[in-house]
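Nothing here was measured: the structure is a model prediction, and the numbers come from that model.
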Amino acid sequence: MSQAEKLSVIGEWTDATNLQKFYINGEWIEPISKEILSVINPATGEELAKVASANAQDAERAIHAARSAFDKGQWRTMSAHERANMLMELAAKIEEHQEELAEIETANNGKTLREAQADVAEAAKTFRYYAGLATKPSGETFETDEPLVSRVVREPIGVCGQIIPWNYPLLMAAWKLAPALAAGNTCILKPSELTPLTAIRLFELIDEIDFPKGVVNLINGTGPDAGQPLVTSSLVDKIAFTGGTVTGKRIMKEAVGNLKKVSLELGGKSPNIIFADADYENALDYAAFAIFNNSGQVCSAGSRLLVERKIYDRFTSDLAEATKKIRVGNGADPSSQMGPVISKQHMEKIERYIAVGKQEKATLLCGGRRLLDQGREYGYFIEPTIFIDVDPQATIAREEIFGPVLCVIPFDTEEEALEIANDSPYGLAAGIFTSNTAKAERMAKYIRAGVTWINTYEQNLVEGPWGGYKESGIGRELGTYGFDEYTEVKQIINTLKVEPTGWFAD
Ligand code: TXE
């Protein structure tokens, strides 16, 4: 398909009528709110679509639909096999529409088509994985010293409000919906106001499947108007949130009313540690991938690169050479290797951090500017940027920039690397590059992060737990851990001997 044909696919779809509706109780309905969101293509600055923006009343409608579907519907009582079949069907539909979904994602988020295609494939895989998990054995039984049998079963929590960010719009929708639905919960998804498009397309596919009414609902809108009512409602049993740490903390406070379950996947400032004995080419390749993939807008980005001093000069200079060759452009152009950042506002925030880096006397090795030449002048393109000799206490080494800006810090010893790595309020991920397996194990053992990669980076497995220590979050997504986060634990005690206690007999 040619470039022009590709864009016309999106054009046709964005004329679709569902953009200004919400999916509530199994149908596309007109919003109560009259507010409209303008959705922008970050590569061109142009408006892609106008999307309905929910108010509290719209959110209430979705909450009531999900509540009633959970309390009175057959979703949680139907067999896990039936639920699994629907999720399998959804996975197949995502695959059937993968090109279209990837193009919409690229147009809305800015990421390259290659990145978007990988996200779509991973989204389908997530639904398929949890469809499988729904039917697998679970629970426990306990031996006791009484004539009693104790068994533990896992049950759905209830109504789940799911608030997701803009950096992986479709994939985050899958990470949230798949385990929740597999476990028998009902859901209300609230995508980021910046990137609602693939979620709308996903719900059009959901609508083709026989999910019972009210099981899976979609509202779009801003955090305060559409997200907050989900957080504060006493009819919502769980909030699952991915986004910034500041918003995450606020959500945790506001969710306290009915003590709903809260899981948070927040920011990071992950250390990527390169020892002198590492496979050099591999470490170099991953150092760039860890920060410039998805334009650095990744919660687990390897944004603090710690390099052993013995190879520091050579490594940083080779990294700069490789970085200068990264082709930055419209993600819809197959030759682009890195797309724009999400919005004008976010670009300006990144530019402010670059200015702070310069003030803090870090050495700007490459990049550092907005790209404004022909073809990029209306988009939000930032050069891949590397600061070296960064003080570990500097603002740019401590705060999450969430853009293509790398801070490089030298170290001399393993102990020093560990100390710098752990000196952060965050604890999401870490990378360790070394050919010494014992050293890798020691580092992995003592680094305080939820995910640690050895001689690789940013490899994400649907089978394994994902989430952070410290201010990077609460709870885990993916794998069996992610499934458990959507269940309540119930103990059922039965007796082997039916007889009264006689406690009050005399
Ligand atoms: O995120 P927000 P923003 C980090 C990154 C970025 C910073 C801010 O550092 O620069 O966060 O980004 C919804 N009640 N990450 O402002 O606000 C909002 O509508 C309920 C890391 O874009 O956290 C959106 O759907 N919901 C991150 C979602 O929260 C609210 C990915 C995320 O938006 C709300 C994105 C409220 N009061 C940014 N306020 C990661 N962990 O990957 C906002 N929202």
Side-chain angles (χ1 to χ4, degrees), residues 1-11 14 37-49 102-119 165-169 192-198 288-298 301 303 319-358 364-387 396 401-407:
M1 205 187 267
S2 74
Q3 191 63 21
E5 279 168 333
K6 275 186 175 162
L7 292 174
S8 74
V9 170
I10 301 162
T14 50
L37 297 168
S38 173
V39 180
I40 303 296
N41 179 340
T44 61
E46 286 166 350
E47 183 177 87
L48 270 174
E103 285 161 26
I104 297 170
E105 198 76 303
T106 289
N108 192 172
N109 167 280
K111 63 176 69 197
T112 63
L113 267 178
R114 187 180 175 188
E115 288 165 332
Q117 283 156 352
D119 289 1
W166 42 261
N167 55 340
Y168 290 91
S192 164
E193 55 274 38
L194 300 175
T195 52
L197 297 189
T198 42
F289 180 68
I291 183 66
F292 300 127
N293 157 52
N294 215 38
S295 307
Q297 302 166 124
V298 184
S303 51
L319 184 61
E321 283 318 301
T323 299
K324 285 179 201 159
K325 291 188 191 133
I326 294 174
R327 294 187 298 273
V328 182
N330 189 327
D333 177 347
S335 69
S336 298
Q337 295 174 312
M338 194 183 101
V341 298
I342 189 67
S343 65
K344 181 164 184 286
Q345 197 188 18
H346 191 56
M347 175 183 70
E348 287 167 357
K349 179 173 163 185
I350 297 168
E351 287 180 301
R352 283 197 296 277
Y353 272 115
I354 293 173
V356 167
K358 290 178 187 163
L364 182 64
L365 190 61
C366 67
R369 290 171 310 158
R370 177 180 177 188
L371 292 162
L372 279 164
D373 51 338
Q374 212 193 354
R376 298 187 283 201
E377 66 273 46
Y378 302 114
Y380 315 128
F381 295 99
I382 297 217
E383 280 181 314
T385 298
I386 303 178
F387 280 107
I396 57 165
I401 300 175
F402 221 62
V405 180
L406 180 65
C407 296

Task: Reference residue Thr385; test side-chain contact (heavy atoms from CB on, under 4.5 Å); the match among Ile401, Thr323, Leu364 - done: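 The single option meeting the side-chain contact (heavy atoms from CB on, under 4.5 Å) with Thr385 is Leu364.
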Shortest non-hydrogen separation from [X] to [Y] and the atoms involved:
X      : Y      : answer
Cys366 : Lys324 : CB-CE, 3.9 Å
Gly329 : Pro340 : O-CD, 4.1 Å
Leu372 : Glu377 : O-CB, 3.3 Å
Ala320 : Leu365 : CB-CD2, 3.7 Å
Ala332 : Thr106 : N-CG2, 3.4 Å

Short question: side chain of [X], backbone of [Y] - any donor-acceptor pair under 3.5 Å?
X      : Y      : result
Glu383 : Arg369 : yes
His346 : Tyr380 : no
Glu115 : Asn294 : yes
Lys111 : Asn167 : yes
Arg370 : Met347 : no
Ser192 : Pro165 : no
Ser295 : Gly339 : yes
Asn108 : Leu194 : yes
Asn109 : Trp166 : yes

- [ ] Evaluate side-chain contact (heavy atoms from CB on, under 4.5 Å) for Val298 paired with Tyr168, printing each intermediate quantity in order.
- [x] CA-CA 8 Å; Val298 184; Tyr168 290 91; 3.4 Å; yes
- [ ] Begin from the C-alpha positions of Ile342 and Thr195 and carry the test side-chain contact (heavy atoms from CB on, under 4.5 Å) through to its verdict.
- [x] CA-CA 9 Å; Ile342 189 67; Thr195 52; 3.8 Å; yes
Open item on the list: Could you go through Thr112 and Gln337, starting from their C-alpha distance and side-chain angles, then the distance that decides it, and tell me whether this counts as side-chain contact (heavy atoms from CB on, under 4.5 Å)?
Closed with: CA-CA 7 Å; Thr112 63; Gln337 295 174 312; 5.7 Å; no
Side-chain heavy-atom pair [X], [Y] within 4.5 angstrom cut-off:
X      : Y      : answer
Pro384 : Val328 : yes
Tyr378 : Asn41  : no
Val405 : Tyr353 : no
Glu103 : Leu113 : yes

Task: Distance (rounded to the nearest 0.5 Å) between Ile40 CD1 and Glu47 CD - done: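 Reported to 0.5 Å precision, the distance equals 5.5 Å.
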Task: Interatomic spacing from CG in Leu371 to CZ in Arg376 - rounded to 0.5 Å - done: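 These two atoms lie 4.5 Å from each other.
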Open item on the list: Any carboxylate oxygen within less than 4.0 angstrom of a Lys/Arg side-chain nitrogen, looking at Arg327 and Asp333?
Closed with: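 Looking at Asp333 together with Arg327, the answer is no, because their closest N to O distance does not fall below 4.0 Å.
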Task: Ion pair check, Lys344 and Glu348, cut-off under 4.0 Å - done: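 Here Lys344 pairs with Glu348 in a salt bridge, since their nearest N and O are under 4.0 Å apart.
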- [ ] Would you check, one step at a time, whether the test side-chain contact (heavy atoms from CB on, under 4.5 Å) holds for Leu319 with Leu406?
- [x] CA-CA 11 Å; Leu319 184 61; Leu406 180 65; 3.7 Å; yes
Task: Lys358 to Phe387 six-membered ring, cation-pi geometry met (6.0 Å, 45°) - done: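 No; the conditions do not both hold, so Lys358 does not lie above the ring face of Phe387.
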